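A short worksheet on the structure shown next.
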Amino acid sequence: MNTLLIFGAGSGVGAELVALTAQERPVVALIRNAEQAQTLRALGVTVIEGDALDPADVLQACGMAGSEAQIVSTLGGKLSDYTANRLIIDTAEQTGIRQMLLVTSIGCGDSWPTLSARAKQAFGQAVREKSLAESWLQTSTLDWCILRPGGLMNGDATGKAHLIQTEAHGRVRRSDVALHIQQLLASGEDWGEIFALCDSTLEGERF
C-alpha cells in the first residue's frame with residue numbers, strides 16, 4: 001500500500017491518524033519534538049526529525065515517502081497555518097507527489113461569512129492564514145481535498161460526525177476527524193472537494 005506522509009503527526013488529529021493507520025500502511029512523519037518522535041517510532045512510523053518550515057527537512061520527508069505517497073497536513077499555529085503548508089505543497093509538486101489532504105477549520109475560505117463575530121475576534125487571524133493555505137493548494141497541480149472540522153475536542157470517536165458542504169457550526173472529536181481522513185483517502189472519490197465536519201450530538205459553543 002502507498003505511504004502516508006503526515007505533517008502534524010505528533011499531537012492532535014495527526015496523532016489520532018497515526019493510531020488508526022500505522023498498522024495498516026507505511027507512515028512517514030516529519031517531527032520537531034524529540035519525545036513525540038520517539039513515541040511515533042515505537043508505533044512503527046518512519047520518523048524524520050526536523051521542521052516543516054525548513055525546506056531541506058520537508059524535501060527529505062517527501063523524498064522518503066516517495067512519489068506515490070498521500071500527504072496529510074494537520075499543521076496549525078503561528079507560521080504553520082500558511083507558510084509551512086505552502087512549503088509542503090510546493091515540495092510535493094517538486095518531488096512528484098500527487099495527492100494531499102489539508103485539514104483547516106470551519107470559517108476558512110468561502111465559509112468565512114458564517115463564522116461568528118466572537119470567533120473571528122478570537123481566532124480569525126489563524127483562519128485567514130489557513131484560508132491562504134487552502135487557496136495555495138487549490139491552485140496547485142496536486143489532487144487535493146480540504147477538510148474543515150468544527151471546534152476540536154478530545155475523546156473516543158462517536159462515529160456520528162458528518163461531512164457537510166453547506167453552512168456548518170459545531171464541534172467534533174479529533175478521533176472522528178482522523179476516521180474521516182482515513183475514509184476520504186481510502187475512497188479516492190473526493191479529490192477537488194471541500195468538506196466541513198461536525199458532530200451534532202456534541203454540545204458546545206457555536207462558532
Side-chain angles (χ1 to χ4, degrees), residues 1-31 40 43-48 52 61-76 85 88-89 91-93 95-106 108-109 130 133-134 137-138 140-150 152-166 168 170-202:
M1 194 171 190
N2 57 343
T3 299
L4 179 60
L5 172 56
I6 306 176
F7 294 90
S11 61
V13 172
E16 294 283 356
L17 184 60
V18 168
L20 278 179
T21 59
Q23 302 304 313
E24 298 180 355
R25 63 188 297 187
V27 177
V28 174
L30 177 63
I31 291 291
L40 292 174
L43 295 172
V45 176
T46 300
V47 174
I48 297 164
C62 289
M64 179 73 71
S67 61
E68 298 302 312
Q70 293 178 311
I71 294 176
V72 172
S73 176
T74 65
L75 292 175
N85 279 316
I88 293 164
I89 294 162
T91 308
E93 290 183 306
T95 55
I97 295 176
R98 297 294 310 155
Q99 297 180 340
M100 179 170 172
L101 188 150
L102 176 63
V103 180
T104 58
S105 70
I106 56 173
C108 286
K130 292 177 189 293
E134 288 189 355
L137 179 58
Q138 289 174 279
S140 74
T141 61
L142 303 181
D143 295 329
W144 55 268
C145 182
I146 294 169
L147 189 61
R148 298 170 175 167
L152 293 168
M153 302 175 67
N154 292 324
D156 294 336
T158 67
K160 296 179 180 179
H162 294 285
L163 297 173
I164 305 164
Q165 289 188 296
T166 56
R171 294 182 176 269
V172 64
R173 289 187 174 167
R174 290 176 172 87
S175 48
D176 278 302
V177 179
L179 185 61
H180 277 272
I181 292 171
Q182 182 186 41
Q183 293 168 353
L184 287 166
L185 293 176
S187 75
E189 297 177 354
D190 295 298
W191 299 115
E193 298 289 342
I194 301 173
F195 299 100
L197 182 66
C198 294
D199 184 342
S200 60
T201 68
L202 298 177

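All of these numbers come straight from a predicted model, not from anything done at the bench.
The minimum heavy-atom distance linking C145 with W191 is given by the pair N-CE3, 3.8 Å. For A161 against L197, the heavy-atom pair with the smallest separation is CB-CD1, 3.8 Å. Here the shortest heavy-atom pairing between R148 and T104 reads CG-OG1, 3.3 Å. When every heavy atom of T95 is checked against every heavy atom of S67, the shortest pair comes out as O-CB, 3.9 Å. Between I106 and G150, the shortest heavy-atom distance links the atoms CD1-CA, 3.7 Å.
Contact of the P26 side chain with the T46 side chain is not registered, since no non-hydrogen atoms from C-beta on lie closer than 4.5 Å. Using a 4.5 Å heavy-atom cutoff, the side chains of E16 and I181 are not in contact. L4 has its side chain within reach of L17: a pair of non-hydrogen atoms, C-beta onward, lies under 4.5 Å apart. By the 4.5 Å heavy-atom criterion applied to side chains, L184 and L163 are counted as neighbours. Under the 4.5 Å side-chain criterion, counting only non-hydrogen atoms from C-beta, T21 is not in contact with L185.
Without hydrogens or angle criteria, R173 side chain to D156 main chain gives a donor-acceptor distance under 3.5 Å. No donor-acceptor distance shorter than 3.5 angstrom exists from the side chain of N2 to the backbone of A69, with no hydrogens or angles considered. Side-chain N or O atoms of S175 include one that pairs as donor or acceptor with a backbone N or O of G155 at under 3.5 Å. The closest donor-acceptor contact from the side chain of Q99 to the backbone of V72 lies at 3.5 Å or more, if one exists at all. When atom types are taken as modelled, the side chain of T74 and the backbone of G8 share a donor-acceptor pair closer than 3.5 angstrom.
Summarising the local packing, CD of E68 is surrounded by 12 or fewer heavy atoms from other residues, nucleotides or ligands at distances under 6.0 Å. The number of heavy atoms from other shown groups lying within 6.0 Å of CE (M64) does not exceed 12. Atom CD of Q165 has more than 12 heavy atoms from other residues, nucleotides or ligands within 6.0 Å.
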